[in-house]
Every structure is written in C-alpha cells, then in structure tokens.
**Student:** 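Provided herewith is a single structure, encoded as structure tokens, for subsequent inquiry.
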Number of protein chains: 2
Amino acid sequence: MGRPRAFDEDEVVRAAVTLFAGRAYDSVSVDDLVSHLGVHRNSLYKVFGSKRGLYLAALQHYLSQELTAAELDLLLLAMAERAPVDAEVATLVDAALRDLDKALGGPAATATLLGERLRARATP
Amino acid sequence: MGRPRAFDEDEVVRAAVTLFAGRAYDSVSVDDLVSHLGVHRNSLYKVFGSKRGLYLAALQHYLSQELTAAELDLLLLAMAERAPVDAEVATLVDAALRDLDKALGGPAATATLLGERLRARATP
DNA sequence: AGGGTTAAGGAACACTCGTTCTTGACTGAT
DNA sequence: ATCAGTCAAGAACGAGTGTTCCTTAACCCT
C-alpha cells in the first residue's frame, strides 16, 4: 500500500557518505543533501529523522565496510570535528578504531595510517 | 590619535585560537567570537576584515609558536576540514608540517604524532 | 577649546540554516 | 470505485548566519 519510493535508501546513504567525507558536517546543508541525493526533504526527515540521523546512518554504513587507505576521509572528519561534540559519533569511531588496531597489528600502525592520510588530504 | 582600543589584539587572537581549536570553523559563530573574545563586532571587522581573516590570524599566530603534543588540535582541525577548502590554510599547514618533519626527524614521526593526537581528541 | 580621527555600541541587513506544514499524486486492498 | 496509506513537491517557519550602517564616546594635535 501507499505510493512507492522513488529513491533507493542505500544509494542515498552512500551518496551521503561521499558528501560528508568531503567537507565538515556544518558545511553540508540539507539543501546540499536534498539536491545531490535524489531524495526529497520530506522523505529525508521521514526516513532518517534529521540531518544528524542521516549523518549517523552514513557513518555507520561507512564504518561497517572494510576501510581502505583512500577512503579514510569520513573517519578523519568524524574524529576531528564530530566525535568531540557528539557522544554517539565518538562511540562509533572508537569501535572502528579498535577494529583498525586489530587489522593493522596495533594502535601505532593505526596512528601512522591516520596521520598519513590526514596529511595527504590537507596538502595534496 | 582617535579613541584607544579597549582590547588587546594579541589577547583576542589567542582567545580565537582556543575557540577555533575546540570546534569546527562553521560551528564557531561571530557571536561566539564577539562574546568570548572581549572585542566588539565592529572592531573585529575593522581589524581582521572578516571571520576568515581572524581565523587566519589565529592560525598563523598558533603555527608560529612551538607546537606541543597537547596543543595540536587547531592544526588537526585545519588539516581535516579547512585546508581542503581554503588554499591559504593549506599553504600555512604545509609549512608547519615541514617544520614538524624537521623537528621530529621525518614525516613518519609527524604522521604518528598527528594520528595519536587525533585519536586522543576523538576518544577521550 | 575645538576639529579630526578612531573605536565602542548596538540595531539592522540580506541570507541561509534545519525543520515542519500543506497540498496533491500515486499505490494496493476492500 | 473508494478508502487508507505513503510519498513527492515545494512553500513557509523561526532562528541563526556573516556583514554593514549609524550614532555616540573617547582620545590626540593644533
């Protein structure tokens, strides 16, 4: 019943990952999301509750996959600017970092990887 | 001649460093700056030209001193969220990183230091 | 004392923000 | 055919944004 959705929820989340990985959370407006994601304002709020809800969904989807070195940007931004002011983000980030520690063989390797990617992002 | 300033420019810049080190650039409003810095709106624009101008002044002042491990936060934020969208920030950051490389003995040590501090900031 | 100049103080600007409301279109089941 | 339920479309909201304007206060120099 009801009118069928004209958008793919997973596709929306993946596009949101790309947007949020590119610039700071506050620099990505709901207008940006609506116009780049192919989802309407109303549906965004219906499905994700808020801009923050979509951000959290995007972050979770992103952190649930294998992180390659080239795709650390959303994690970097989440660590630098969101985790300090959003406890839920901090929790997600912490879990992802522990996984990285295991995959890489220890926190030292994680720190080096993050530091290198952060620098590559800042000074291309 | 003219009415003397009721604020110390250096003090304002140092307070701006603290504010900008705490949260993302867009999260720090001009109202925040005005109310925490002891400088009035008009003077802020007269002296620094814009919010970005004050940010750049704060970043330069901050990068011109010795960076201790506990005070890397503004550099981290600048790298993560400003350098990719502000070429002048990218230039300042690049120079500071080269200095860090020399002080620490190579880019690898810089990467590790930044990665460790980034994590400490994200998951306290 | 009196211009000239600079800063403080605060209202006001046009604009953007995240969010909600209203209206109408489309669907499957009765 | 009708009804309930879901979505699209877009206008509208109040609050907040960075910036500018205008008036008043404080100082130096002649």
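Chain naming here is simple, since letters A, B, ... match the order of the sequence lines and numbering starts at 1 in each.
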**Student:** Compare the minimum distances between each of D:dA26, D:dT19, C:dT22 and the side chain of B:Lys51, then state the nucleotide with the smallest one.
**Tutor:**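 So the side chain of B:Lys51 is nearest to D:dT19.
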**Student:** From NE2 of B:His40 over to C1' of D:dT24, roughly how many Å is that when rounded to an integer?
**Tutor:** 13 Å
**Student:** Do B:Arg41 and D:dT19 share a donor-acceptor pair, side chain to base, under 3.5 Å?
**Tutor:**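 Yes.
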**Student:** Let me know, please, whether B:Pro4 or A:Ser27 comes out on the 5' side of the other along DNA chain C by nearest nucleotide.
**Tutor:**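 First, find each residue's nearest nucleotide; the 5'-ward one identifies B:Pro4.
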**Student:** Looking at C:dA7, D:dG10, C:dG18, which one has an atom nearest to any side-chain atom of B:Lys46?
**Tutor:** C:dA7
**Student:** So B:Asp10 and B:Arg14, salt bridge (charged side-chain N to carboxylate O under 4.0 Å, His left out) or not? Walk me through it.
**Tutor:** CA-CA 6 Å; B:Asp10 258 33; B:Arg14 268 183 281 115; 5.1 Å; no
**Student:** Which of the following nucleotides, D:dG18, C:dA7, C:dT19, is nearest to the side chain of B:Arg3?
**Tutor:**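 Out of D:dG18, C:dA7, C:dT19, the nucleotide with an atom closest to B:Arg3's side chain is C:dA7.
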**Student:** State which residues pass ring-ring contact (aromatic ring centres under 6.0 Å, His included) with B:Phe20; sequence neighbours excluded, sorted by chain then number.
**Tutor:**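 B:Tyr25, B:Tyr55.
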**Student:** For the base of C:dC17, is there a side-chain donor-acceptor partner from A:Asp26 under 3.5 Å away?
**Tutor:** no
**Student:** Would you please confirm or rule out a distance under 4.0 Å between OP1 or OP2 of D:dG16 and any side-chain N or O of B:Ser29?
**Tutor:** no
**Student:** Kindly check if the number of other-residue, nucleotide or ligand heavy atoms within 6.0 Å of CD (A:Gln65) is above 12?
**Tutor:** yes
**Student:** Determine whether any donor atom in the side chain of A:Asp31 lies under 3.5 Å from an acceptor atom in the base of C:dC17, or the reverse, and answer yes or no.
**Tutor:** no
**Student:** Show your working on salt bridge (charged side-chain N to carboxylate O under 4.0 Å, His left out) between A:Asp26 and B:Arg23 and close with a plain yes or no.
**Tutor:** CA-CA 11 Å; A:Asp26 283 327; B:Arg23 10 193 189 119; over 6 Å; no
**Student:** Just the rounded figure in Å: distance from P of D:dT6 to CG of A:Asn42.
**Tutor:** 14 Å
**Student:** Does B:Val34 reach a base, just sugar-phosphate, or nothing at all? Heavy atoms under 4.0 Å.
**Tutor:**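 Touches nothing.
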**Student:** Between B:Arg5 and C:dA7, does any side-chain N or O lie under 4.0 Å from OP1 or OP2?
**Tutor:**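 Yes, such a contact exists.
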**Student:** Indicate, with a heavy-atom threshold strictly under 4.0 Å, whether A:Val47 touches base, sugar-phosphate, or nothing.
**Tutor:** nothing
**Student:** Between atom OH in B:Tyr55 and atom C1' in D:dT19, what is the gap in whole Å?
**Tutor:** 20 Å
**Student:** Pair A:Lys51, A:Leu44 - check side chain to side chain contact (heavy atoms under 4.5 Å, CB included), show working.
**Tutor:** CA-CA 8 Å; A:Lys51 175 187 175 184; A:Leu44 190 157; 5.7 Å; no
